[in-house]
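What follows is a set of notes on a single structure, which appears directly below.
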Amino acid sequence: MTIARDLLGKILVTEFDGQRTSGRIVETEAYNGVTDRASHAWSGRRTKRTEVIFARGGTAYVYLIYGIHHLFNVVTNVKDTPHAVLIRALEPLEGIPVMLRRTGKPSPDHSLTRGPGNLSRALGLLTSHTGTTLLGDTIFIADDGWRPRRSDVVAGPRIGVDYAGEDALLPYRFFIKGSPYVSGRKKINQ
DNA sequence: CTGACGATTCACT
DNA sequence: GTGAATCGTCAGC
């Protein structure tokens, strides 16, 4: 939970085949383990797919949704405690031309890394990266000391988890107010 | 083995 | 605002 907030302002970096891309994290969502109906690990569901969420913190969990989009998560807790943080939006920093090529966009705009599906595509993240440690040199979190002002960090309900009942209302989504890269639907936004 | 569906996005009405 | 795309995962038979 605290970790989701602390990740705001940090830099997510991927480096595949010498192509480095990075972006500052401006939006995250926390998934709070077995008590969170919106989490894949809810109620102790532990399967081949979700196994990685039970790993120790600092592990990547990349999940394919709707057969189309990849969603990138960071496993945040100790072994056997399935907490994860979904990275929902970045502000592009390095490797923007590479991102453009990956996404097929002609020019950089706010949609390049806005939304978990777009972001993963821009950084070249695939489900095959699930289980990769973030302590290595292909996918990792960097910190240049930049921090959002405390008054600019906003918490709100998560997106796309309406099926989770009451848990869908929990303020587990954190984002930096005013960033043009923050995603969000029209309903419960900002 | 079979069927149902999702932590989304994009194009179209 | 609505609906389709598209496939790995999981539950059930």
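Order of the sequence lines sets the chain letters (A, B, ...), proteins ahead of strands, with each chain counted from 1. In what follows, every heavy atom counts, from backbone to side chain, and hydrogens, waters and symmetry copies are set aside.
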Is it true that the side chains of A:Y63 and A:R49 contain a donor and an acceptor less than 3.5 Å apart?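 Checked: A:Y63/A:R49 side chains pair up, N/O donor to acceptor below 3.5 Å.
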Starting from [atom2] on [N], measure out to [atom1] on [X] and report it in whole angstrom.
X      : N      : atom1 : atom2 : answer
A:N32  : B:dA7  : CG    : P     : 16 Å
A:N118 : B:dA7  : CG    : P     : 17 Å
A:L119 : B:dT9  : CG    : C1'   : 14 Å
A:L112 : B:dT8  : CG    : C1'   : 17 Å
A:R158 : B:dT8  : CZ    : P     : 11 Å
A:D162 : B:dC5  : CG    : P     : 16 Å
A:H110 : B:dC10 : NE2   : C1'   : 14 Å
A:N73  : B:dG6  : CG    : P     : 17 Å

Per the salt bridge (Lys or Arg N to Asp or Glu O under 4.0 Å) rule, which among A:K79, A:R45, A:R46 passes with A:E51?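 Going through the options one by one, the only one that passes is A:R46.
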May I ask you to say what A:R121 touches in the nucleic acid, namely base, sugar-phosphate or nothing, with a heavy-atom cut-off under 4.0 Å?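 Touches sugar-phosphate only.
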With sugar-phosphate meaning primed atoms plus P, OP1 and OP2, does A:Y61 contact a base, only sugar-phosphate, or nothing at under 4.0 Å between heavy atoms?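 Contact class for A:Y61: base.
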Answer yes or no: are there more than 12 heavy-atom neighbours, outside A:D17 itself, under 6.0 Å from its atom CG?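 Incorrect, the count does not exceed 12.
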Geometric cation-pi criterion A:R158 and A:Y31, 6.0 Å radius, 45° cone: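 Output yes; distance and angle both within limits.
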Stepwise side-chain contact (heavy atoms from CB on, under 4.5 Å) test for A:T113 and A:E91: CA-CA 7 Å; A:T113 53; A:E91 172 190 341; 5.8 Å; no
What nitrogen or oxygen pairs link the protein and nucleotides 6-9 of chain C at under 3.5 Å?
{"unit_1": "C:dT6", "atom_1": "O2", "unit_2": "A:Y66", "atom_2": "O", "d": "2.3"}

Nearest-0.5 Å distance, CZ of residue A:F175 to CZ of residue A:R5: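 Going from the CZ atom of A:F175 to the CZ atom of A:R5 covers 13.5 Å.
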Could you give the distance from CG (A:L71) to CZ (A:R88), rounded to the nearest 0.5 Å?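 With rounding to 0.5 Å, CG (A:L71) is 8.0 Å from CZ (A:R88).
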Relative to the ring of A:Y61, is the ring of A:H40 parallel (under 30°), tilted (30 to 60°) or perpendicular (over 60°)?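 The rings of A:H40 and A:Y61 stand perpendicular, inter-plane angle above 60°.
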On a whole-Å scale, what distance lies between the C1' atoms belonging to B:dA7 and C:dG1?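 To the nearest whole Å, 22 Å.
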Pairs counted only when both distances fall under 3.5 Å, Watson-Crick or G-U: show me the 5' to 3' dot-bracket for DNA chain C, [ ] for pseudoknotted crossings and | for other-strand partners. |||||.||||||.
Under the side-chain contact (heavy atoms from CB on, under 4.5 Å) rule, what do A:E15 and A:D137 come out as? Steps first, then yes or no, please. CA-CA 7 Å; A:E15 188 163 346; A:D137 55 8; over 6 Å; no
Would you please confirm or rule out a distance under 4.0 Å between OP1 or OP2 of B:dA7 and any side-chain N or O of A:R173?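 So the side chain of A:R173 is outside the cut-off, no N or O lying under 4.0 Å from OP1 or OP2 of B:dA7.
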